[in-house]
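When a residue number appears, it is its place in the shown sequence, counting from 1.
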Amino acid sequence: MKNQILSSLEELPSPSFVCEEELLEKNLKLLKYVQDETGINILLALKGFAMHSTFDLCKQYLKGCCASGLHEAILAKEEFGLEVHTYSPAFKDEEIDEIVSISNHLVFNSFSQLKRFKDRAYGKVSLGIRLNPEYSSVEVDLYNPCSPFSRMGTTKANFDDTQLKYLDGFHFHTLCEQNVDALEGALKSFEDKFSQYFDRLKWVNFGGGHHITRADYDVERLIKLLKDFKSRYPHLKVYMEPGEAIGWQTGYLVATVLDIIDNGMKLAILDTSAEAHMPDTLAMPYRAMIRNSGIANEKKYTYRFGGNTCLSGDIIGDYSFDEELKVGNKIILEDMIHYTMVKTTTFNGIKLPSIVIKSKDGSYKVIKNFGYEDYKMRLS
């Protein structure tokens, strides 16, 4: 079924990730508006959205990609083709030369990494250091880059100004799906601690976590903040690298009810899995939204949705519906494109969801199906 064009959701392979082209472009247009108004450069963070079948569209609006290591950097170079910015908490000796060869910016997490690799990188790629401004506004520690004892970035106490001659830029990333007020606080702390070095730099990178395309995000306040920063430091090129803002609310995961049983309440087993296909629903945790559903007991019929793996805790949640569910019904789990697709696994040998694009004309294009070989190739 690869590259097959289908006319209805009912025809799609199940489970499937469906990215809606029209919604993706809407997000991209908003990000381009921010770039045009401020003169900054917005990069696609591959850790949050790496659906490279959409890159021909994405690169019409964005300036490049940020990668978290060698494989993402190669993907950015091969499939996106614009700027490649690479950061990792620690680079490996056997990978650094290839990373340098395909990156435009290389950001080290520590001065010890800079000292180790500078002779192989300096003069070949623009070098930066990730800094920790010690501004903590993320409530969930799992996603908080500035939590106590964080390994992410260098604090002021560990800043080594003897290495400034090798650096073109500073990078900081303190946010997770937050509004502009969180960036204001982080930026103030960043400037308070490190602005005395800005005159020696060429660029700064405000990292990710900027939920720019969310409905309640204050875009005009962001534009003012960015313009004010650039007026203070006109020589600095400014980058941002959101992941969630590109894929936010651009599509869904389609699944099918395989069985319905009763063990004190109605239990619906799907052909998808929280553990294998939606791990953030268990890790964060958060409640996935399901189309046309309510919370438990809000509507007439309540079901607990579970995945088709042997993990007892593979539970998506409790949902209610106006009509009784039947085996074979399609279930649509909303907003499953950003961060969800990139975290899928084949735990229990469960099949990975197919990847589908819903075109502007309403048709569905099956980009890729997965099967046994995709499971087998990850093992030995």
Checklist outcome for this item: With sequence neighbours left out, the residues meeting ring-ring contact (aromatic ring centres under 6.0 Å, His included) with Phe91 are Phe108
Checklist entry - If you round to the nearest 0.5 Å, how far is CG of Asn329 from CG of Leu258? => result 11.5 Å
Item to check | Set of residues satisfying ring-ring contact (aromatic ring centres under 6.0 Å, His included) with respect to Tyr301, sequence neighbours excluded | outcome: none
Next on the checklist: Show every salt bridge (charged side-chain N to carboxylate O under 4.0 Å, His left out) that has at least one partner inside residues 100-123, sequence neighbours left out.
Outcome noted: Asp93-Arg120, Asp97-Arg120, Lys115-Asp160
Next on the checklist: Within a 6.0 Å radius of atom OH on Tyr375, are there more than 12 heavy atoms belonging to other residues, nucleotides or ligands?
Outcome noted: no
Checklist entry - If you draw a 6.0 Å radius around CD in Glu323, do more than 12 non-hydrogen atoms from other residues or ligands fall strictly inside? => result no
Next on the checklist: Regarding Asp192 and Tyr135, do their side chains bring together a donor and an acceptor under 3.5 Å, going by distance alone?
Outcome noted: no
Checklist entry - Looking only at atom types and distance, does a side-chain atom of Ser320 sit under 3.5 Å from a main-chain N or O of Lys299, one as donor and one as acceptor? => result yes
Next on the checklist: Tyr252: which residues meet the ring-ring contact (aromatic ring centres under 6.0 Å, His included) condition with it, sequence neighbours left out?
Outcome noted: none
Next on the checklist: Please list all pairs meeting side-chain hydrogen bond (donor to acceptor under 3.5 Å, both in side chains) that have one or both residues in residues 166-183, counting only residues at least two apart or in different chains.
Outcome noted: Ser126-Asp168, Ser137-Gln178, His171-Glu241
Checklist entry - Would you say the side-chain atoms of Ser150 and Asn144 include a donor-acceptor pair closer than 3.5 Å? => result no
Please report, to 0.1 Å, the donor-acceptor pairs under 3.5 Å made by any side chain of residues 27-35, with sequence neighbours excluded.
| from | atom 1 | to | atom 2 | distance (Å) |
| --- | --- | --- | --- | --- |
| Asn27 | ND2 | Ala245 | O | 3.4 |
| Asn27 | ND2 | Ile246 | O | 3.0 |
| Asn27 | ND2 | Trp248 | O | 2.8 |
| Lys32 | NZ | Asp36 | OD2 | 2.9 |
| Tyr33 | OH | Glu220 | OE2 | 2.9 |
| Gln35 | OE1 | Ile42 | N | 2.8 |
| Gln35 | NE2 | Tyr61 | O | 2.7 |

Item to check | Criterion ring pair (Phe, Tyr, Trp, His ring centres under 6.0 Å) on Phe170 and Phe159, from CA distance to verdict | outcome: CA-CA 12 Å; Phe170 288 167; Phe159 192 89; 5.8 Å; yes
Next on the checklist: So for atom CE, which belongs to Met289, do other residues, nucleotides or ligands contribute more than 12 heavy atoms lying within a distance under 6.0 Å?
Outcome noted: no
Checklist entry - Looking just at side-chain N and O atoms, do Asp141 and Ser147 make a donor-acceptor pair shorter than 3.5 Å? => result no
Next on the checklist: If we ignore hydrogens and angles and just use 3.5 Å, is the side chain of Ser189 paired with the main-chain N or O of Ala186 as donor and acceptor?
Outcome noted: no
Next on the checklist: Check for me whether the distance between the ring centres of Phe198 and Phe194 falls short of 6.0 Å.
Outcome noted: no
Next on the checklist: Strictly below 4.0 Å, N to O, side chains only: are Lys224 and Asp228 in salt-bridge contact?
Outcome noted: yes
